[in-house]
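Because the structure is predicted, anything quoted here is derived from the model rather than measured. In what follows, every heavy atom counts, from backbone to side chain, and hydrogens, waters and symmetry copies are set aside.
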Amino acid sequence: MSYKNLLILGATGNIGRLVLNDALERGYKVTVVVRAKEKVQPHAQLTIIEGSVLDASVLTHAMKGQDAVISCLGILRKNQQNPWSTVISPQDFTASVIKNTLSIMHEHGVKRLI
């Protein structure tokens, strides 16, 4: 099976930006869910969905037609450049998102999570 349609979560973070750029350079059709659209550079092969990855309805919408999901999620800090800065994400942020993501992937027949 060829994985051509990718959903990337966390595409505006340090790692996510690199993964997004690499996927687009390799010719993948990419969908991202972001809190703010202006943080992502438009591209012909990119679909940008503005919303929260904590919202199951947003993830359900983004999951349609995907072959795989790549999670680059991390916790959000008050100062992202300081690893000791105050955490502003919910304590169970990544666990909650992945739990919902796996359930929605199952509903849509998406079998690959990276």
Side-chain angles (χ1 to χ4, degrees):
M1 175 181 209
S2 174
Y3 299 99
K4 288 294 183 185
N5 299 310
L6 303 176
L7 171 59
I8 300 177
L9 305 177
T12 59
N14 293 329
I15 301 298
R17 290 174 202 253
L18 297 172
V19 171
L20 172 59
N21 290 336
D22 191 53
L24 292 171
E25 286 175 11
R26 292 172 183 253
Y28 289 96
K29 184 176 176 191
V30 179
T31 300
V32 296
V33 175
V34 296
R35 289 184 300 267
K37 283 185 175 186
E38 62 273 2
K39 290 188 174 186
V40 180
Q41 185 75 20
H43 187 281
Q45 291 294 101
L46 178 62
T47 300
I48 304 168
I49 298 173
E50 193 170 44
S52 172
V53 293
L54 290 168
D55 184 338
S57 65
V58 170
L59 286 177
T60 298
H61 173 67
M63 196 66 65
K64 294 176 184 167
Q66 302 303 325
D67 297 314
V69 177
I70 300 176
S71 176
C72 302
L73 293 172
I75 57 172
L76 186 61
R77 295 184 176 278
K78 192 170 187 177
N79 176 355
Q80 285 297 100
Q81 304 308 313
N82 179 352
W84 293 277
S85 180
T86 304
V87 174
I88 56 178
S89 297
Q91 291 296 320
D92 63 345
F93 174 70
T94 53
S96 293
V97 174
I98 292 303
K99 181 180 177 183
N100 284 339
T101 299
L102 288 170
S103 175
I104 295 165
M105 287 174 64
H106 180 72
E107 291 171 16
H108 289 270
V110 179
K111 299 185 185 299
R112 177 82 58 180
L113 173 64
I114 302 167

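Side-chain atoms of Ser89 come within 3.5 Å of backbone N or O of Leu76 as a donor-acceptor pair. Judged by distance alone, with hydrogens and angles left aside, the side-chain atoms of Glu50 form no donor-acceptor pair with the main-chain N or O of Val34 at under 3.5 Å. In this structure, Asp67 contributes its side chain and Asn5 its backbone to a donor-acceptor pair below 3.5 Å.
The side-chain heavy atoms of Leu6 and Ile114, taken from C-beta on, include no pair separated by under 4.5 Å. Side-chain contact check for Val33 versus Leu7: some heavy-atom pair is nearer than 4.5 Å. Taking 4.5 Å as the limit, every side-chain heavy atom of Leu46 sits out of range of all side-chain heavy atoms of Gln41.
In the displayed structure, His61 atom NE2 is contacted under 6.0 Å by at most 12 heavy atoms of other residues, nucleotides or ligands. No more than 12 heavy atoms of other residues, nucleotides or ligands lie within 6.0 Å of CG in Asn14, so this atom counts as exposed by the packing criterion.
In the hydrophobic cluster analysis, where Ile, Leu, Val, Met, Phe, Trp and Tyr join through side-chain heavy atoms closer than 4.5 angstrom, Leu102 is grouped together with Val69. Transitive grouping of hydrophobic side chains (ILVMFWY, heavy atoms separated by less than 4.5 Å) brings Leu54 and Ile104 into a common cluster. Cluster membership for Ile15 and Tyr28, using ILVMFWY side-chain heavy atoms within less than 4.5 angstrom, is shared. The hydrophobic cluster containing Ile88 does not contain Val53, counting ILVMFWY residues as joined when their side-chain heavy atoms lie under 4.5 angstrom apart, directly or transitively. Two different hydrophobic clusters hold Ile70 and Val58 under the rule that ILVMFWY side chains link at heavy-atom gaps under 4.5 Å.
In this structure, Arg77 has no salt bridge (charged side-chain N to carboxylate O under 4.0 Å, His left out) partners at least two apart in sequence or on a different chain.
The shortest heavy-atom contact between Leu73 and Gly10 is CD2-N, 3.6 Å. When all heavy atoms of Cys72 and Val19 are compared, the pair lying nearest together is SG-CG2, 3.8 Å. Nearest heavy-atom pair, Lys39 versus Arg17, reported as atom, atom and distance to 0.1 Å: O-NH1, 4.1 Å.
Here CE of Met105 is found 11.0 Å from CG of Leu59. Values are rounded to the nearest 0.5 Å. In this structure, OG1 in Thr60 is found 5.0 Å from NE2 in His108, a value given to the nearest 0.5 Å. The CD atom of Glu25 lies 8.5 Å from the NE2 atom of His43; values are rounded to the nearest 0.5 Å.
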What side-chain donor-acceptor pairs closer than 3.5 Å can you find for residues 91-101, not counting sequence neighbours?
| from | atom 1 | to | atom 2 | distance (Å) |
| --- | --- | --- | --- | --- |
| Asp92 | OD2 | Ser96 | OG | 3.1 |
| Ser96 | OG | Asp92 | O | 3.1 |
| Thr101 | OG1 | Val97 | O | 2.7 |

